[in-house]
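Heads up, the thing below is written out as structure tokens.
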Amino acid sequence: MPLKLPNSKLRALRFNTDESDLFFGSDFHFGHNKDFIYKDRGFDSIIEHDLKITQGIIDKIQSYQGNGKNKNLIILGDSFLNIGDDIALDIFERIIQAVPEFVNIYYIFGNHESNICRWFESYTDGRVPAILQIPNRNIKIALLGEQAKILIDKRPFYLSHLPLMDTPRFFKGGEERALVGHCHGNNPRLYFSDKSCPSYDIGVEIAMKEVNAPIFHYNEIIERLKKKD
């Protein structure tokens with residue numbers, strides 16, 4: 001299955017869970033060599049952090065192998081910061097090659113994106129959405145920009161790295177929920193105004209606490225919403 005892109009920022013990506021397993025993660029911070037990143041997550045070094053977070057992502061996706069569904073990973077930003085290109089690309093390739101049914105990586109820009117931004121400027125026409133394909137690497141990533149809307153079994157979700165300060169104009173109220181990162185588990189409420197839709201942190205800290213993995217499967221997202229709504 002080729003990478004799918006919305007026709008515009010306002011046109012939603014559509015997924016059917018009868019065909020696709022969807023995995024969501026944010027704030028991996030590979031290569032971000034600061035104590036408040038790797039030590040707060042229980043690791044002794046950024047090298048150990050990167051290896052175990054990567055393997056945790058792979059293990060999670062592999063646990064859903066064999067059900068005939070393609071695998072899609074949706075990342076809500078802040079994956080790489082000033083890490084060497086080869087190391088960053090090796091991480092992507094390890095994830096993609098580890099699962100035969102793996103299809104697509106979709107990416108929302110965060111605020112710590114030195115590598116992603118450099119690749120974006122070098123290998124695309126500078127507009128989003130875009131397909132990022134790195135020369136001489138078996139990697140394709142769908143760059144969705146800073147915000148995107150998706151429909152999963154016709155249920156709408158809004159994707160953003162930063163929590164919403166206001167509801168986007170293509171949200172009309174009702175079933176919409178926003179999936180966000182950035183907060184590192186430190187903002188349990190995430191509501192900013194009467195106009196904002198409910199937002200849920202799906203970053204590494206929350207995922208490790210709630211599902212013992214760096215990423216959530218879509219079914220786990222739905223269970224979280226049922227408990228918190």
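Predicted, not measured: the structure shown is a model, and the values here were computed from it. When reading the values below, keep in mind they use all heavy atoms of this one structure, side chains included, and skip hydrogens, waters and symmetry mates.
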Go through the steps for Ile152 and Ile222 under the test side chain to side chain contact (heavy atoms under 4.5 Å, CB included), then give the verdict. CA-CA 11 Å; Ile152 305 174; Ile222 292 301; over 6 Å; no
Kindly indicate, with the supporting measurements, whether the criterion ring-ring contact (aromatic ring centres under 6.0 Å, His included) is fulfilled by Tyr200 and Phe24. CA-CA 12 Å; Tyr200 298 91; Phe24 295 84; over 10 Å; no
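- Applying the side chain to side chain contact (heavy atoms under 4.5 Å, CB included) rule to Leu162 yields the partners Ser160, His182; only residues at least two apart in sequence or on another chain are considered.
- For Phe109 and Phe120, the ring centers are positioned less than 6.0 Å apart.
- Residues Asn111 and Asp78 approach most closely at N-OD1, 2.9 Å, considering heavy atoms.
- Side-chain atoms of His29 do not come within 3.5 Å of backbone N or O of Ser79 as any donor-acceptor pair.
- Scored by the salt bridge (charged side-chain N to carboxylate O under 4.0 Å, His left out) test, Asp18 finds no partners at all (sequence neighbours excluded).
- Judged by distance alone, the side chain of Asn104 and the main-chain N or O of Asn72 form no donor-acceptor pair under 3.5 Å.
- Between the side chain of Glu121 and the backbone N or O of Gly126 there is no donor-acceptor pair closer than 3.5 Å.
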Derivation and outcome, side-chain hydrogen bond (donor to acceptor under 3.5 Å, both in side chains), residues Tyr123 and Gln133: CA-CA 7 Å; Tyr123 302 121; Gln133 184 166 14; over 6 Å; no
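- Looking at residues two or more places apart in sequence or on another chain, you find a salt bridge (charged side-chain N to carboxylate O under 4.0 Å, His left out) between Asp21 and Lys71.
- Summarising the hydrophobic clusters (Ile, Leu, Val, Met, Phe, Trp, Tyr; side-chain heavy atoms under 4.5 Å, direct or chained), the residues clustered with Ile37 are Phe36.
- Listed by chain and number, the residues in a side chain to side chain contact (heavy atoms under 4.5 Å, CB included) with Glu220 are Lys60, Tyr64, Val211, Phe216, His217 (sequence neighbours excluded).
- Asp85 pairs by the salt bridge (charged side-chain N to carboxylate O under 4.0 Å, His left out) definition with Arg118, not counting sequence neighbours.
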Would you please test Phe80 and Phe92 for ring-ring contact (aromatic ring centres under 6.0 Å, His included) and show each step? CA-CA 11 Å; Phe80 303 104; Phe92 270 135; 5.1 Å; yes
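- The side chain to side chain donor-acceptor pair (under 3.5 Å) test applied to Thr17 returns Asp153, not counting sequence neighbours.
- Taking the side chain to side chain donor-acceptor pair (under 3.5 Å) definition, one finds that Glu48 meets it with Lys52, sequence neighbours left out.
- The two residues Arg41 and Phe28 come nearest to each other via the heavy atoms NH1-O, 3.0 Å.
- Ile47 pairs by the side chain to side chain contact (heavy atoms under 4.5 Å, CB included) definition with Ser45, Leu51, not counting sequence neighbours.
- Sorted by first and then second residue, the salt bridge (charged side-chain N to carboxylate O under 4.0 Å, His left out) pairs involving residues 92-104 (not counting sequence neighbours) are Glu93-Arg137.
- Listed by chain and residue number, Tyr38, Lys39 satisfy the side chain to side chain contact (heavy atoms under 4.5 Å, CB included) test with Asp35 (two or more places apart in sequence, or in another chain).
- Taking all atoms of both residues into account, the shortest heavy-atom contact from Met208 to Pro214 is SD-N, 3.6 Å.
- Ring pair His49/Phe43 is perpendicular by interplanar angle, where above 60° counts as perpendicular and below 30° as parallel.
- The main-chain N or O of Val204 is never found under 3.5 Å from a side-chain atom of Asp27 such that the two would form a donor-acceptor pair.
- Residues forming a salt bridge (charged side-chain N to carboxylate O under 4.0 Å, His left out) with Lys34 (at least two apart in sequence, or on another chain): none.
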